[in-house]
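Worksheet for the structure shown next.
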Amino acid sequence: MKQSSRTPTLNAWVTFGDHLYRKKGDDPSIVFTSASGEKRTIVDYHGKILDFPGIDAKDEITVKRITERDDIEPLIRYRTEFKRCDDGNIIMIWEVQPDGMYWADEDGYGMTSDEEIRLYSFIDEEGRFTAPFRLYSIGSKQFFGVQKS
């Protein structure tokens, strides 16, 4: 059987999901297309992450402590980006909390002291998550690539 020379791809590399400023007709869906042409929805029209792999237990406790949220839903509400990795997989970087500037008006009113929190997971060549989400960054502190003990 001949292997396809096509590279797996996505219909978009950034989505904002079901965000506060979403306009009628905006479609935040992310659809993965494999090298063989098979399609798999990663993020649906409502911003829900399908086949959600969960969040690494240690990271979930950290995120809950910082956000004081008991219910980190598999729902995109802020910027989420996808990047192709050297090994052919795709990394999904999911912002679960924006920094406090997100809430500010043009004069700075409404700004909070929240730090941006981003999580990551990888998507394989079949469009499936390879592991639970883990901490990517909190504010300016990077966790991605740091070995865990």
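Throughout, residue positions are numbered sequentially from 1 according to the sequence presented. Note that these values count all heavy atoms, side chains included, but never hydrogens, waters or copies made by symmetry. None of the values given here were measured: they were computed from a predicted structure.
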- Would you please test Leu135 and Ile117 for side chain to side chain contact (heavy atoms under 4.5 Å, CB included) and show each step? CA-CA 8 Å; Leu135 277 173; Ile117 299 174; 4.2 Å; yes

Where is the tightest heavy-atom contact between [X] and [Y], given as atom of each residue plus distance?
X	Y	result
Asp56	Pro132	N-CB, 3.6 Å
Pro28	Arg22	CD-NH2, 3.2 Å
Pro53	Ser121	CG-OG, 4.4 Å
Glu95	Thr80	N-OG1, 3.8 Å
Phe82	Thr15	CE1-CG2, 4.3 Å
Cys85	Phe122	SG-CE2, 3.6 Å

- Task: Please test Val31 against Leu10 for side chain to side chain contact (heavy atoms under 4.5 Å, CB included), starting from the C-alpha separation and ending with a verdict.
- Result: CA-CA 6 Å; Val31 178; Leu10 300 172; over 6 Å; no

Any chance you could measure [X], atom [atom1], to [Y], atom [atom2], to the nearest 0.5 Å?
X	Y	atom1	atom2	answer
Ile138	Gln97	CD1	CD	9.0 Å
Asp18	Ile76	CG	CD1	10.5 Å
Ile90	Phe129	CD1	CZ	10.5 Å
Ile91	Ile123	CD1	CD1	9.5 Å
Met92	Thr130	CE	OG1	12.5 Å
Lys39	Thr9	NZ	OG1	9.0 Å

- Message: Is there a side chain to side chain contact (heavy atoms under 4.5 Å, CB included) between Phe16 and Tyr21? Walk through the geometry before answering.
- Response: CA-CA 9 Å; Phe16 291 89; Tyr21 304 107; over 6 Å; no

- Determine, stepwise, if the pair Asp59 / Arg134 fulfils salt bridge (Lys or Arg N to Asp or Glu O under 4.0 Å). CA-CA 6 Å; Asp59 292 343; Arg134 295 191 172 117; 5.2 Å; no

- Task: Apply salt bridge (Lys or Arg N to Asp or Glu O under 4.0 Å) to Glu116 and Arg118, showing your working.
- Result: CA-CA 7 Å; Glu116 178 184 75; Arg118 298 187 302 163; 3.5 Å; yes

- Would Tyr120 and Trp94 satisfy side chain to side chain contact (heavy atoms under 4.5 Å, CB included), going step by step from the backbone distance to the final call? CA-CA 6 Å; Tyr120 75 95; Trp94 172 34; over 6 Å; no

Side chain [X], main chain [Y], donor-acceptor under 3.5 Å:
X	Y	answer
Thr33	Pro8	no
Asn11	Ser29	yes
Ser137	Lys141	no

- Query: In terms of hydrophobic clusters joined by side-chain contacts under 4.5 Å, are Ile30 and Val14 together?
  - Reply: no

- Item | ILVMFWY cluster, Ile61 and Phe143 together (side-chain gap under 4.5 Å) | no

- Between Glu81 and Lys83, does at least one N-O distance fall below 4.0 Å, as a salt bridge requires? yes

Residues 41-51 side chain polar contacts: donor-acceptor under 3.5 Å, at least two apart:
unit_1	atom_1	unit_2	atom_2	d
Asp44	OD1	His46	N	2.9
Asp44	OD1	Gly47	N	3.2
Asp44	OD1	Lys48	N	3.0

- Message: Going by side chain to side chain donor-acceptor pair (under 3.5 Å), name the residues that satisfy it together with Glu126, two or more places apart in sequence or in a different chain.
- Response: none

